[in-house]
Amino acid sequence: MAEEEDLAERLTTFYTTISDDLDRCMAFWLKHSHDDVNGGFFTCLEADGRVYDERKFCWLQCRQVWTYARLYQEMPRFQLPHILEAARKGADFVMKYVKEPNTSKCFLSLTREGQPIKSQRTIFSESFYVMAMAEMYRVTKDDVYKKEAMAMMKQIVQWVKVDGSGLGPRLPPPVPTSSLAVPMILLMLIDELTIMDPQHSAGYNDLAEWCLQDVLKHVQRGGVVLENVSEDGEELPGSVGRLMNPGHAIETGWVLLEQAVNKNKPELKQVALETFIMESFNRGWDDDYGGLFYFIDADDRPPVQLEWDMKLWWPHCESMVAFLMAYKHTGEHKYLKQFAKVFDYSYSHFVDFKQGEWFGYLSREGNVKINAKGGEWKGCFHVPRTLMLCEQMLKELLQKQGQT
């Protein structure tokens with residue numbers, strides 16, 4: 001009981017620390033990442049914000065547009081003209097350069113000026129394009145963004161469920177596989193488009209149900225979330241079949257938890273809480289040095305990923321969201337205890353209190369491996385999204401306690 005009271009008393013500290021961190025984080029990106037010459041955003045930023053590579057990456061361009069627009073929409077202190085203008089300019093760059101008009105494929109990377117460098121045979125660049133456009137419509141009510149979001153979503157569903165040949169050439173795998181990332185990102189897109197325009201919600205019911213069934217196929221061995229399974233929901237042979245990505249499973253968990261709460265599905269809620277979030281966290285936590293492993297093998301055999309034991313920023317971000325959301329929806333202190341555990345690790349290892357933002361890549365022991373705040377995969381998204389969501393949830397929890 002004493003521990004529960006101590007944790008409850010920390011809610012105010014969590015709130016103020018996270019709120020201050022969000023301010024520092026956004027000040028970093030607003031100051032250092034804007035390309036005022038060509039448009040779009042630089043994401044390869046050193047610890048002090050200096051640009052070390054001028055390439056631009058579709059995932060991160062779209063995610064930064066989404067972040068600016070969502071903050072402007074939902075956080076009063078970020079409802080500032082220069083933030084909306086930066087979001088609009090970012091969206092203009094994305095629409096002008098990222099999408100190949102004849103195929104709707106989005107390039108993975110571009111030159112500073114917007115010339116294509118690389119494409120990828122996945123739906124993720126396109127998915128983040130949908131998120132950016134949907135959020136821009138929500139903020140501006142400009143129909144061009146809504147049309148872009150809806151058209152791209154239609155194309156993504158076509159690729160996933162009907163004919164994937166438009167994604168580019170591929171060698172067929174020996175066994176057709178199901179990746180956890182695909183149904184998870186589709187569930188996020190459905191949520192985004194529903195928030196953009198609630199009248200579209202019913203039109204995605206069948207797709208959402210398909211996604212839920214596809215996600216649940218990844219629960220194997222009575223409660224282990226595997227990253228890859230066969231299309232029939234069977235475990236795959238070898239390292240690919242045993243692969244677990246704890247951070248990704250936990251992120252999927254809070255997406256499922258939102259679905260379960262919104263649609264009153266108690267069984268799904270339990271699976272989200274105990275299997276995707278808690279079990280994945282317990283398996284992925286490093287008891288020797290703290291922090292979440294990037295990859296683990298379900299049989300504790302050698303992972304093939306050389307970076308398997310590194311501690312990355314985004315799994316810890318997603319864990320903070322998941323555990324605080326779990327506490328919000330259950331009131332069970334075991335989830336708040338885990339939130340505090342991840343919070344304490346993150347704020348003693350990742351966070352740069354002086355210059356803003358988080359370092360992204362730590363050694364197993366918790367030392368900074370790459371002295372940068374951004375790169376090809378880390379941009380203005382996971383950290384500010386986490387801080388925004390956690391600040392909002394903590395404010396709600398404190399209001400229920402009569403503390404704000």
Side-chain angles (χ1 to χ4, degrees), residues 10 12-35 41-57 59-61 63-64 66-68 70-71 75 77-78 80 82-83 86 247 251 285-286 289-294 307 309-321 323-324 339-392 394:
R10 289 190 68 187
T12 300
T13 300
F14 293 146
Y15 177 82
T16 56
T17 302
I18 284 172
S19 178
D20 290 346
D21 196 17
L22 179 56
D23 290 347
R24 282 194 308 270
C25 174
M26 293 313 301
F28 179 88
W29 292 105
L30 288 164
K31 180 178 180 180
H32 299 296
S33 69
H34 297 181
D35 183 350
F41 308 106
F42 298 118
T43 59
C44 293
L45 304 179
E46 295 186 44
D48 60 3
R50 287 179 295 170
V51 178
Y52 66 86
D53 192 307
E54 293 184 343
R55 287 176 297 160
K56 292 171 181 172
F57 308 95
W59 290 26
L60 305 185
Q61 300 297 307
R63 284 170 159 184
Q64 192 155 346
W66 180 92
T67 299
Y68 282 11
R70 178 59 67 92
L71 284 169
M75 306 292 281
R77 70 181 184 277
F78 291 104
L80 303 170
H82 68 278
I83 292 179
E251 181 181 14
W285 188 259
D286 183 352
Y289 295 100
L292 279 166
F293 290 121
Y294 190 18
E307 70 276 27
D309 65 345
M310 289 180 65
K311 312 296 168 59
L312 272 64
W313 83 105
W314 70 264
H316 297 78
C317 286
E318 301 308 323
S319 297
M320 285 174 58
V321 173
F323 283 121
L324 194 57
F339 170 81
K341 187 175 185 177
V342 183
F343 175 96
D344 289 339
Y345 180 87
S346 298
Y347 277 86
S348 59
H349 290 83
F350 287 108
V351 178
D352 185 342
F353 288 91
K354 182 178 180 181
Q355 298 179 109
E357 249 287 346
W358 294 22
F359 294 102
Y361 303 90
L362 310 179
S363 67
R364 179 179 181 183
E365 295 78 12
N367 300 315
V368 174
K369 292 283 288 183
I370 300 175
N371 192 37
K373 301 292 175 52
E376 295 188 36
W377 304 107
K378 184 180 185 297
C380 181
F381 180 65
H382 280 288
V383 173
R385 181 177 72 163
T386 291
L387 299 177
M388 175 184 64
L389 292 174
C390 288
E391 180 179 330
Q392 290 172 326
L394 285 163

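Residues: numbered from 1 along the sequence shown.
- Note that OG1 of Thr43 is 11.5 Å distant from CG of Asp35, once rounded to the nearest 0.5 Å.
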Self-check item: Stepwise side-chain contact (heavy atoms from CB on, under 4.5 Å) test for Phe57 and Arg55
Solution: CA-CA 7 Å; Phe57 308 95; Arg55 287 176 297 160; 3.7 Å; yes

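- Contact detail for Ser319 and Pro315: the closest heavy-atom pair is OG-O, 2.8 Å.
- For the atom pair Thr13 OG1 and Ile18 CD1, the distance stands at 10.5 Å (nearest 0.5 Å).
- Nearest heavy-atom pair across Met320 and Ser346 is SD-OG, 4.2 Å.
- No more than 12 heavy atoms of other residues, nucleotides or ligands lie within 6.0 Å of OH in Tyr289, so this atom counts as exposed by the packing criterion.
- We find the CG-CG distance between Leu362 and Asp309 to be 11.5 Å, quoted to the nearest 0.5 Å.
- Minimum heavy-atom separation, His316 to Leu292: NE2-N, 2.9 Å.
- You'll find the side chain of Met26 stays beyond 4.5 Å of the side chain of Arg77, heavy atoms only.
- Rounding to the nearest 0.5 Å places CG of Leu394 at 11.0 Å from CZ of Arg10.
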Exercise. Begin from the C-alpha positions of Tyr361 and Glu307 and carry the test side-chain contact (heavy atoms from CB on, under 4.5 Å) through to its verdict.
Key: CA-CA 10 Å; Tyr361 303 90; Glu307 70 276 27; over 6 Å; no

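- For Phe293 and Trp285, the distance between ring centers is not under 6.0 angstrom.
- When side chains are defined from C-beta on, Glu357 does not count as touching Leu45, because their heavy atoms never get closer than 4.5 Å.
- To the nearest 0.5 Å, atom SG of residue Cys25 and atom CG of residue Leu30 are 9.5 Å apart.
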Exercise. Run the numbers on Trp313 and Val351 for side-chain contact (heavy atoms from CB on, under 4.5 Å), then give the verdict.
Key: CA-CA 9 Å; Trp313 83 105; Val351 178; over 6 Å; no

Could you give the side-chain donor-acceptor pairs of residues 366-374 under 3.5 Å, partners two or more places apart or in another chain?
from, atom 1, to, atom 2, distance (Å)
Lys373, NZ, Ala47, O, 2.9
Lys373, NZ, Asp352, OD2, 2.9
Lys373, NZ, Gly356, O, 2.8

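- Taken to the nearest 0.5 Å, the CG atom of Asp286 stands 4.0 Å off from the NZ atom of Lys311.
- Contact between Ser33 and Gln64 at its shortest, heavy atoms only, is OG-NE2, 2.9 Å.
- Here the side chains of Glu391 and Tyr15 are in contact, with some heavy-atom distance below 4.5 Å.
- When each of Phe14, Phe323, Tyr345 is tested with Phe339 by the rule ring pair (Phe, Tyr, Trp, His ring centres under 6.0 Å), just one qualifies, namely Phe14.
- Contact of the Thr67 side chain with the Trp29 side chain is not registered, since no non-hydrogen atoms from C-beta on lie closer than 4.5 Å.
- Gln355 and Phe28 get closest at one heavy-atom pair: O-CD1, 3.4 Å.
- The closest side-chain heavy-atom distance from Cys380 to Leu60 is not below 4.5 Å.
- Counting heavy atoms from C-beta on, the side chains of Ile83 and Leu71 never come closer than 4.5 Å.
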Quiz item: Please walk me through it: do Glu365 and His349 pass side-chain contact (heavy atoms from CB on, under 4.5 Å)?
Solution: CA-CA 10 Å; Glu365 295 78 12; His349 290 83; over 6 Å; no

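- In this structure, Gln61 contributes its side chain and Phe41 its backbone to a donor-acceptor pair below 3.5 Å.
- With a 4.5 Å cut-off on side-chain heavy atoms, Val383 and Phe350 do not count as touching.
- At a threshold of 4.5 Å between non-hydrogen side-chain atoms, the residues Trp314 and Trp358 do not count as touching.
- Not counting sequence neighbours, the partners of His34 by the side chain to side chain donor-acceptor pair (under 3.5 Å) test are Tyr68.
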